[in-house]
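A quick write-up on the structure given underneath.
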Amino acid sequence: MAEPLTAAQVLKALRDEGLTVHEVRSWRRHNRNTKGPWGPLNGVMIHHTVTEGVEPSVNLCYDGRSDLPGPLCHGVIDKAGEIHLVGWGRANHAGLGDADVLRAVIRESTLPADDQADTDGNSRFYGFECINLGDGKDPWPEAQKDAIARAAAAICRAHGWTERSVIGHKEWQPGKIDPRGFTMSGMRARIAERLRAPAGAGDRATGSDTGAGTGTGAGKATGDGGAGREPAPEDVPARPDRPPEPPAPSAYEPFPGAAFFQDGRSDPVITVMGHRLNAEGCGRYRQAPTPDWNQAARRSYTAWQKKLGFRGRDADGIPGRVSWDLLRVPRVSRR
Ligand SMILES: [Zn+2]
């Protein structure tokens, strides 16, 4: 859960991630904030436009339709992998979705089926519309998929979220099929890989041939005047050779036991824990986290437990195994 990024913050985050960003008209002030809340933000949602062509797609997402006023998302990602910002604030993209899915996104746990439409998603998700006809044939160029991963990673990095905070519209709202043409699990694996590296790492996929050899089915520029006519197989994973899997347990600090957290304890694990709590927006430190177990550390941990939905004695600030494992504290000890 988090306060929304400002327009300036998102612009910087996207550019730091190596993206080419176009600012469309008055996107910074273009929103639906008079119609409902915007925030707290919990995740990023990916869509396809069911349109073709950059300009008409961007204008549609900015202006909306007669039955659905714009903005229809925050950023439009085109087939060349460039992003067009069309709004900032509440936008008509997510609609009503499943409260259980929202809870899973907040906990960054496995997604349940989206079989309810009982929760306002427009206040909770950043939205990216990706230009694609959504017919299962219109290809997804490597440059576009790379840009989707970068845009999502930029937001996750700014909030301290993992790839599990990124979902497709079809995982949120019953009946939706977007995005179609790649799997969200494959896209999340790609985002995770990106988040393990510094912002903007790696060459941007630009030419249409950079997807060759990755088995993505992206259309190659064939020089026949019809770029992208090679149909993409449906639902091809973005990285079929690397299925999404949780990072090795050894990458994270194992739960040291509740008894570890007592007055007088001083250990680098507590410092690293504090940095993770800060990244989750739960830090209650006056200054930087220290190795000492103290009231500031305990108050911060209480905030994390409450963020996870724990109440009462379950949110007493003493780490338990469940909340500890969900926090994913990078390993520093040699135990
Ligand atoms: Zn959608």
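Just follow the structure's listing: the first ligand is 1, and inside any ligand the first atom is 1. All of these numbers come straight from a predicted model, not from anything done at the bench.
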Q) Of all the N, O or S atoms in His169, which one sits nearest to the Zn ion (ligand 1)? A) ND1
(Q) Is it true that Ser165 and Glu108 share a donor-acceptor pair across their side chains at a distance under 3.5 Å? (A) yes
Q.
Can a side-chain donor-acceptor contact be found between Thr290 and Tyr285 if the only test is distance below 3.5 angstrom?
A. no
Q: Before accepting this row, confirm whether a basic side-chain N of the pair Glu23/Arg28 lies closer than 4.0 Å to the acidic partner's carboxylate O.
A: yes
**Q.** the Zn ion (ligand 1) contact by His93, N, O or S atom under 2.8 Å
**A.** no
Q) N/O/S atom of Asp178 under 2.8 Å from the Zn ion (ligand 1), yes or no? A) yes
Q.
Below 2.8 Å, can you find an N, O or S atom of His47 next to the Zn ion (ligand 1)?
A. yes
Q. Taking the six-membered ring of Tyr62, is NZ or CZ of Arg25 closer than 6.0 Å to its centre and within 45° of its axis?
A. yes
